[in-house]
Protein chains: 2
Amino acid sequence: MSKPDRFDSVTADDVAIAAGVSRWTVNRAFKKDASISAKSREKVMSAAQALGYIPDLSASALASTRSNLVALLVDDFANPHKLVMMDCLTRALRGRGLDTLLVNTLDREDTTPALINASQRRVDATILIGIQFDDDVLAAAHRAHRFKKLIIFARTSRNPDTISIAVDDEIATKEIAHYVIAKGYRRPLYVAGPNTASAHLLRKETFALVWQDRFGHVPETVSVPRYDPILSAEIAFRTLHGRKGADLPDVIVCENDALALGAIDTIRYRLGLRVPQDIAVVGFDDVPQAASPHYQLTTYRQPLAEMAGYLVDVLESADSRNLDRKFTGELVIRHSA
Amino acid sequence: MSKPDRFDSVTADDVAIAAGVSRWTVNRAFKKDASISAKSREKVMSAAQALGYIPDLSASALASTRSNLVALLVDDFANPHKLVMMDCLTRALRGRGLDTLLVNTLDREDTTPALINASQRRVDATILIGIQFDDDVLAAAHRAHRFKKLIIFARTSRNPDTISIAVDDEIATKEIAHYVIAKGYRRPLYVAGPNTASAHLLRKETFALVWQDRFGHVPETVSVPRYDPILSAEIAFRTLHGRKGADLPDVIVCENDALALGAIDTIRYRLGLRVPQDIAVVGFDDVPQAASPHYQLTTYRQPLAEMAGYLVDVLESADSRNLDRKFTGELVIRHSA
DNA sequence: TTGTATGCGTTATCAC
DNA sequence: GTGATAACGCATACAA
């Protein structure tokens, strides 16, 4: 009945003694591809079980080059899609034995401290799923040589030092644009998100290009400085307030669902108009709310699970060829457009 | 121009040499209450700056009893309130120099592995903001002596080994019940969340008690196995489908907003009734959506920021008296009830 | 105020 | 297949 008397006192040495082997054999027993006999592993594992031993990952991180820890930097908690992404990513990472360090990047000035913070924990990779990561920040981060892998998830980046895993915004936006045109809408308003210098989306540009090609002019566009339904509702109101008839858009195409949900609220409750009869709305992401009978939002769904799967593959791959990858999602047609 | 040639190669020793002091003086310069001369600190800091030195927290965690890392266990990503809580908690923790390890507890069986996972990283505390933490799990966790602090956040627990930081559900629910009664509602339906053996909410029980006291019978109650608006909508439909007039409730009181949002969708779009004229709805949490003009949800707002502030205080306090604490929030009256 | 040994628990590398 | 040596980078305790 020898019970550990201190916090977490049971170490690999204790197990080694109990199992009658060396500390290094204990170590081998806990890694899957080690050269160890089945008998030794058996002895070690039962001794470990009895003592309640579990390897210490802090020590492991210190002694090896891997920490099995990944930093996840998020900066816009107002966007409901972030919850979906976090669920998906943590699930995929945990499936591969990777832990997640969640860093709330409070504002743009906090980005560099947040990156440093991550590097202090020796993370194997840093995943960015926010918006405030412009070229300056990324360059500074990489100059410090602190990140084995810097991954921009669900957002395109042309920065050569980062790995971008995202949906192909051009294909997606073209599909949206063609759908909108086919449905007969002719007076679009494009609602874009915050303007970021880098790691941005090609959605606004692509939509404008398609429209220009087809009709010879660019669509009206507004920008919302945060992916926040409430703020989006406010900006939509400021933009459309007082306009009537053909002066109003007949469709609002939004950079993502967070913006679209706000737009719908404004159309219905502040302008007193109908969706889609008076103004149709298109989103992007397919957040859970988009499917609610109230919104019935037509939107573009990213293959998040597949993207997360590729992400963990990238984390395991050693080579650093160009690992950028674009995915294709699907347009989910509901009632809003 | 001596630049580190390897990953993260710059260590306290390098800084010590550059600054002409010992390694231990470098160490002191980086902790705020150390006994060190201003001149030494100055020298160290500028040398550190020049070399790009930052302390390694893995090594620090290994050598000391603190890791400055806190595990956050979450298991219901369908509940939009979780996003608010994560934002609030990570913000508060980071303000105190604490990092967050986000652990997605996939299902009930995964809870113990998740707890072990956290302990492997030597976390200073484990915060539970999910639902699947019953007594068995908590007891097992504590028996292992692996957690300095086990905190149940936004949920009451009577387990003596845990610290519970939550809103006072009895006060809150009584306020809700009295409001509902004062507004003249007499046929309530209570929509509760998943039944957890421990760490549960006293909301359902309290509401039933108040109602019993006042009217001599307990209100009709249904349980939704997940805090998910979509599932809640479905269960509300199954419960109310086909009922008419006085056979329908005149108010639906929900354990939280996730359930309330779903209930509203069903009332309006599947039953074709009005909120609040035909059926009123009350929620709990005041998620961002609750304020949208579509829902206009009457709900109870928890003082999350204050609660998070107390949480970080608890983390810093060394004594282990009973640190449980209950907070009082406020009823936010909107249009839904 | 500052410098010195020693240990934290594990892993890389080499020897057997 | 297994055991041994030397780090990993920092903190504690104590000596100067």
Side-chain angles (χ1 to χ4, degrees), chain A residues 4 6-45 47-48 51-69 97 119-124 146, chain B residues 4 6-45 47-48 51-69 97 119-124 146:
Chain A
R6 285 187 331 178
F7 163 77
D8 216 12
S9 64
V10 45
T11 158
D13 280 317
D14 303 332
V15 178
I17 294 169
V21 296
S22 73
R23 171 153 49 95
W24 299 273
T25 300
V26 173
N27 193 305
R28 289 185 186 99
F30 276 90
K31 52 195 308 183
K32 58 178 192 302
D33 58 342
S35 60
I36 182 177
S37 69
K39 195 171 60 182
S40 290
R41 169 166 276 155
E42 170 67 25
K43 276 196 300 186
V44 169
M45 288 317 240
L51 295 174
Y53 167 77
I54 46 166
D56 184 323
L57 296 181
S58 287
S60 169
L62 181 60
S64 78
T65 55
R66 288 199 62 180
S67 63
N68 289 310
L69 186 64
S119 83
Q120 287 190 281
R121 296 275 176 201
R122 298 178 156 239
V123 296
D124 291 337
R146 288 214 185 84
Chain B
R6 283 188 332 176
F7 161 77
D8 217 11
S9 65
V10 46
T11 159
D13 279 314
D14 302 333
V15 177
I17 294 169
V21 297
S22 73
R23 170 153 58 90
W24 298 272
T25 300
V26 174
N27 195 301
R28 289 187 185 96
F30 275 90
K31 52 193 306 184
K32 59 178 191 303
D33 59 342
S35 60
I36 183 175
S37 69
K39 194 171 61 182
S40 289
R41 169 167 275 156
E42 170 68 24
K43 273 196 301 186
V44 169
M45 289 316 241
L51 293 175
Y53 168 77
I54 47 167
D56 183 321
L57 296 181
S58 289
S60 169
L62 182 59
S64 78
T65 57
R66 289 199 61 178
S67 63
N68 289 309
L69 185 65
S119 83
Q120 286 190 282
R121 295 274 176 203
R122 299 177 157 239
V123 296
D124 291 336
R146 290 213 184 85

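Sequence lines set the chain letters: A, B, ... in the order given, protein chains first and strands last, and positions in each chain run from 1.
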| said: Which is more 5' along DNA chain C, the nucleotide nearest B:Val21 or the one nearest B:Ala59? Just name the residue. | reply: B:Val21
| message | Just the rounded figure in Å: distance from C1' of C:dA5 to CG of B:Asp13. | response | 14 Å
| query | Would you say B:Thr11 reaches D:dC8's phosphate, i.e. side-chain N/O to OP1/OP2 under 4.0 Å? | reply | no
| request: Would you give the length of the straight line joining atom CG of A:Asp14 to atom CZ of A:Arg23, rounded to the nearest 0.5 angstrom? | output: 11.0 Å
| request: Identify the two heavy atoms, one from B:Arg122 and one from A:Ser58, that lie closest to each other, and give their separation to 0.1 Å. | output: CD-OG, 3.5 Å
| said: So, under a plain 3.5 Å distance rule, would you say the side chain of B:Arg28 forms a donor-acceptor pair with the base of C:dT1? | reply: no
| request: Would you kindly give the CZ-to-C1' distance between B:Arg121 and C:dC8, to the nearest whole Å? | output: 17 Å
| N or O in side chain of B:Ser60 less than 4.0 angstrom from D:dC10 OP1/OP2 | no
| task | Identify which nucleotide among C:dA12, C:dT10, C:dC8 has an atom closest to any side-chain atom of B:Ala63, counting heavy atoms from C-beta outward. | result | C:dC8
| task | Please evaluate the base of C:dT13 for a donor-acceptor partner in the side chain of A:Trp24 within a cut-off of under 3.5 Å? | result | no
| Separation of D:dC8 C1' from A:Leu57 CG (nearest whole Å) | 15 Å
| said: In whole Å, I'd like the distance from the CD1 atom of A:Ile54 to the P atom of C:dG9. | reply: 12 Å
| request: Mind checking the OG1-CG spacing from B:Thr65 to B:Asp124? Nearest 0.5 Å is all I need. | output: 8.0 Å
| query | A:Ser22 side chain: which of D:dG9, D:dG3, C:dT10 is closest? | reply | D:dG3
| field | Nucleotide of C:dG3, D:dT2, C:dT10 approaching A:Thr25 most closely (side-chain heavy atoms) | value | D:dT2
| query | Reckon B:Ser58 has a side-chain N or O less than 4.0 Å from the OP1 or OP2 of D:dC8? | reply | no
| field | Integer-rounded Å distance: C:dT1 P and B:Arg23 CZ | value | 21 Å
| field | Residue-phosphate contact under 4.0 Å: A:Arg122 side-chain N/O, D:dG9 OP1/OP2 | value | yes
| request: Figure out the CG/P separation between B:Asp56 and C:dT10, and round it to whole Å. | output: 17 Å
| How far apart are the closest heavy atoms of A:Arg41 and A:Lys31, and which atoms are they? | NH2-O, 2.9 Å
| query | For D:dT2, does OP1 or OP2 lie under 4.0 Å from any side-chain N or O of A:Ser40? | reply | yes
| Tell me: CD1 of B:Ile17 to C1' of C:dG3, nearest whole Å? | 15 Å
| request: Could you pull out the closest heavy-atom pair between B:Val26 and B:Val44, with the gap in Å? | output: CA-CG1, 3.8 Å
| request: Taking all non-hydrogen atoms of both residues into account, name the closest pair between A:Leu69 and B:Arg121 and its distance. | output: N-NH2, 3.8 Å
| said: Rounded to whole Å, please give me the gap between CZ in B:Arg66 and P in D:dT12. | reply: 11 Å
| said: For a quick test of reading the model: is some side-chain N or O of A:Thr65 closer than 4.0 Å to OP1 or OP2 of C:dA12? | reply: no
| said: What contact category does B:Leu62 fall into here, base, sugar-phosphate, or nothing, at under 4.0 angstrom with non-hydrogen atoms? | reply: base
| request: Just call it for A:Ser64: base, sugar-phosphate, or nothing, with non-hydrogen atoms closer than 4.0 Å on any strand. | output: sugar-phosphate
